[in-house]
Amino acid sequence: MSDVKRTNRRAQKAQETRRRILAAALELFVRDGYGATNLQDVADKAGVAVQTIYFVFGNKRALLKELVDVTIAGDDEPVATMDRPWYTTALAAGTAQDLVRAYVTGTTSVLERVAPIGKVLEGAVASDPEVAALWPHDVNPRYVVQREAAEALVGKPGARARLSAEEAADLLYGLLSPELYLLFVRERGWPRERWERWAGETLRAQLCSG
């Protein structure tokens, strides 16, 4: 076997191990809570030595950070949300109505993935205040994403007259929030399709003309 093939196989195995650890951490953090789960539990679930987790992630906080980031993205590729195909395709839509439709669909997929880990993160911050320091506080990443979409929307045909990018961003930020998604889907039992339809209709009424 050539050195290149051996290197590729090692890299593939390392990636698979990383994914198994993240999947195990997600299951245990959601089921038992961040504070009640230790790295040995995660290692046993993933079928690896606990030293492997320390080697790959460093510590429990770093494991949680990567788990949240990967959950939001949907994969472990180093591609920012605003560079993701669903996002760029939505912002390139020809009309405001089409942008809202595509944007709500893409964002709902993100919310669906993020929802289970939201409570985990709240519990983690409560049990370990240093967890909050893992994310910057001077800039709200979710608002940055919504603001970019809002600026694209207000320049499209079909956008509501005199709609500012600031107002559009606030509406996207509020109506497409994890908190509101959980309120309807988890607490009130709405299926994804109903949520997506309601969010799209509500945003089109607020952001689009006619």
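The two residues D32 and A36 have their closest heavy-atom pair at O-CB, 3.4 Å. Of all non-hydrogen atoms in A159 and A96, the two that sit nearest each other are N-CB, 3.5 Å. For L183 against E187, the heavy-atom pair with the smallest separation is O-CB, 3.2 Å. Across all their heavy atoms, A25 and L63 have their closest contact at CB-CD2, 3.9 Å. Smallest separation of non-hydrogen atoms from P157 and G94: CD-O, 3.3 Å. Listed here is the closest heavy atom pair of A165 and A150: O-CB, 3.4 Å.
In this structure, T37 OG1 and L26 CG are separated by 11.0 Å, a value rounded to the nearest 0.5 Å. If you take CG on L39 and CD on Q51, they are separated by 11.0 Å, rounding to the nearest 0.5 Å. Atom CD of Q206 and atom CG of L175 lie 7.0 Å apart (nearest 0.5 Å). Note that the CG atom of L203 and the OH atom of Y103 stand 10.0 Å from one another [nearest 0.5 Å]. Summarising the geometry, atom CG belonging to L91 is positioned 8.5 Å from atom CH2 belonging to W86; distances are rounded to the nearest 0.5 Å. With rounding to the nearest 0.5 angstrom, the CG atom of L153 is 6.0 Å from the SG atom of C208.
For E112, the side chain to side chain donor-acceptor pair (under 3.5 Å) partners two or more places apart in sequence, or in a different chain, are R192. Among residues two or more places apart in sequence or in another chain, the ring pair (Phe, Tyr, Trp, His ring centres under 6.0 Å) test is passed with Y143 by Y173. Applying the salt bridge (Lys or Arg N to Asp or Glu O under 4.0 Å) rule to D98 yields the partners R101; only residues at least two apart in sequence or on another chain are considered.
Using a 4.5 Å cut-off on side-chain heavy atoms (C-beta onward), Y87 and V145 make contact. The shortest side-chain heavy-atom distance between L172 and L207 falls under the 4.5 Å cut-off. Residues E196 and E193 are not in side-chain contact: their nearest non-hydrogen atoms beyond the backbone lie 4.5 Å or more apart. V120 places a side-chain heavy atom less than 4.5 Å from the side chain of L64. Under the 4.5 Å side-chain criterion, counting only non-hydrogen atoms from C-beta, V154 is not in contact with S164. Two residues are said to be in side-chain contact when any heavy atoms from C-beta on lie closer than 4.5 Å; V144 and M82 meet this criterion.
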Step by step, would you call T71 with V68 a side chain to side chain contact (heavy atoms under 4.5 Å, CB included)? CA-CA 5 Å; T71 301; V68 172; 5.7 Å; no

- Message: With side chain to side chain contact (heavy atoms under 4.5 Å, CB included) as the criterion, how do Y181 and L176 come out once you've worked through the C-alpha distance, each side chain's angles and the decisive distance to 0.1 Å?
- Response: CA-CA 7 Å; Y181 177 85; L176 297 178; over 6 Å; no

Check your understanding: Checking side chain to side chain contact (heavy atoms under 4.5 Å, CB included) for the pair Y34/D128: CA distance, chi angles, key distance, verdict?
Key -> CA-CA 9 Å; Y34 174 83; D128 183 358; 4.1 Å; yes

*asked:* Determine whether D44 and V50 satisfy the following criterion, side chain to side chain contact (heavy atoms under 4.5 Å, CB included), listing intermediate values before the conclusion.
replied: CA-CA 8 Å; D44 292 343; V50 70; over 6 Å; no

- request: Mind running salt bridge (charged side-chain N to carboxylate O under 4.0 Å, His left out) on E167 and R160 for me, showing each step along the way?
  value: CA-CA 11 Å; E167 181 183 356; R160 200 188 79 210; 3.0 Å; yes

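Between the side chain of R61 and the backbone N or O of V131, no donor-acceptor pair lies under 3.5 Å. Although no hydrogens or angles enter the test, the distance criterion places a donor-acceptor pair under 3.5 Å between the side chain of S177 and the main chain of G174. Looking only at distances, a side-chain donor or acceptor of K156 sits under 3.5 Å from a matching main-chain atom of A93. The main-chain N or O of G158 is found under 3.5 Å from a side-chain atom of S209 such that the two form a donor-acceptor pair.
A tilted orientation is assigned to the rings of W195 and F184, their planes being inclined by 30° to 60°. Note on ring orientation: taking the six-membered ring where Trp is involved, the planes of W190 and W198 are perpendicular (angle over 60°, cut-offs 30° and 60°).
In this structure, K65 is not positioned above the aromatic face of F57 in the sense of NZ or CZ being under 6.0 Å from the six-membered ring centre and within 45° of the axis.
Other residues, nucleotides and ligands place no more than 12 heavy atoms under 6.0 Å from the CD atom of E166.
Between R147 and E151 a salt bridge is recorded (basic side-chain N to carboxylate O distance below 4.0 Å). Using a cut-off of 4.0 Å between Lys/Arg side-chain N and Asp/Glu carboxylate O, K45 and D41 are scored as not salt-bridged.
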